[in-house]
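If you're wondering where the values come from, they're calculated on a predicted model, not measured in any experiment. All residue numbers refer to positions in the sequence shown, counting from 1.
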Amino acid sequence: MTSADDRPHHAVPHLARRASSFGARASDYATHRPDYPVAAVRWALEPVDTTGQPRVLDLGAGTGKLTGVLCAEGHQVTAVEPDEAMLSELVRLHGGVRALPGTAERIPLPDGTMDAVVVGQAFHWFDQEKALTEIARVLKPGGVVAALWNADDVDVEWVAGFGEVSQSPLGARDFDVTHVMPAHPLYTDSEQATFPHAQRRTAESLVATVSTHSHVLVAPDDEREELVGRMLAYLKSRPETATGEFDLPMRTLVKRQVRV
């Protein structure tokens, strides 16, 4: 993932449009986007005492891909998401979770009430300085903030080839998470780790997954149609993906910091 623009993404017109593109396809997002490996989530929360039932905020929660893993781990989860359609889908899928409208820069929670704040596939959309300051406000001292990103494992030949085929003009301006969640005076112990992951797919469902990415959602209809045809033709040409189900190899990057 690369980016030629270091400004906050909410301040860049084409990125602001991409950031708001998911709601119209909330159901598809819930169906086709991958979840997160349990090992990655456990590592993210490692600095937190999990002997009780820690309070965890899933910030920018989308349709609840990370929420579901957190709930399965027995945490007390609050989900905050700015998009009404995405939040509605989350509530439909995870009805027992406290779900609130809100943003990373304006979290609708009291000071010092969360043991951890986790962010799945969304931290690059935030205004970094404002979000980290606001997250620190709702965290208890010693609490953790962690960001997770799923990405295809391009060390696998056919996956790398698919990545090239699935690029669009906007996709070439995708996001570099190297500088996301930078060092901040309110946090310490900045660490990162990567975990293996996989998603069971068919050629058609993998194309549907990519079709939920923002660069595809905002593409003109003719470009989107051409891209979908190109991706499907590639997958049908590869022995690994031509017929039936297969595992899409992935890697999950996790970055975490601890509230001072």
Note to self: Is the ring pair His213/His215 parallel, tilted or perpendicular, if the boundaries are 30 and 60 degrees?
What the structure shows: tilted
Notebook entry, point to check: Aromatic rings Phe246 and Trp158: how do their planes relate, parallel, tilted or perpendicular, breaks at 30° and 60°?
Noted result: perpendicular
Check: Is Asp111 paired with Arg137 through a side-chain N to carboxylate O contact shorter than 4.0 Å?
Finding: yes
Note to self: I'd like to know if Glu226 pairs up with Arg230 as an ion pair, taking the criterion as any Lys NZ or Arg NE/NH1/NH2 lying under 4.0 Å from an Asp or Glu carboxylate oxygen.
What the structure shows: yes
Notebook entry, point to check: What do you reckon, is CD of Glu191 surrounded by more than 12 foreign heavy atoms closer than 6.0 Å?
Noted result: yes
Margin query: Can you tell me if Arg200 has over 12 outside heavy atoms packed within less than 6.0 Å of its CZ?
Written below: yes
Margin query: Can you tell me which residue among Arg33, Met250, His32 is in a side chain to side chain contact (heavy atoms under 4.5 Å, CB included) with Gln199?
Written below: Met250
Next item on the list: Mind running side-chain contact (heavy atoms from CB on, under 4.5 Å) on Ile135 and Leu186 for me, showing each step along the way?
Entry: CA-CA 10 Å; Ile135 289 167; Leu186 294 175; over 6 Å; no
Item checked: Stepwise side-chain contact (heavy atoms from CB on, under 4.5 Å) test for Thr50 and His75 -> CA-CA 8 Å; Thr50 57; His75 304 312; 4.1 Å; yes
Margin query: Looking only at side-chain N and O atoms, does His197 offer a donor or acceptor that is under 3.5 Å from a partner on Asp35?
Written below: yes
Next item on the list: Compute whether any side-chain donor of one residue and acceptor of the other, for Thr212 and Asp28, lie under 3.5 angstrom apart.
Entry: no
Check: Passes side-chain contact (heavy atoms from CB on, under 4.5 Å), Phe195 versus Val41? Steps please.
Finding: CA-CA 10 Å; Phe195 298 84; Val41 174; over 6 Å; no
Next item on the list: Kindly say whether Gln76 contributes a backbone atom to a donor-acceptor pair with the side chain of Arg55 at under 3.5 angstrom?
Entry: no
Note to self: If we ignore hydrogens and angles and just use 3.5 Å, is the side chain of His94 paired with the main-chain N or O of Gly64 as donor and acceptor?
What the structure shows: yes
Item checked: Any residue meeting salt bridge (charged side-chain N to carboxylate O under 4.0 Å, His left out) with Arg98, in chain and number order, not counting sequence neighbours -> none
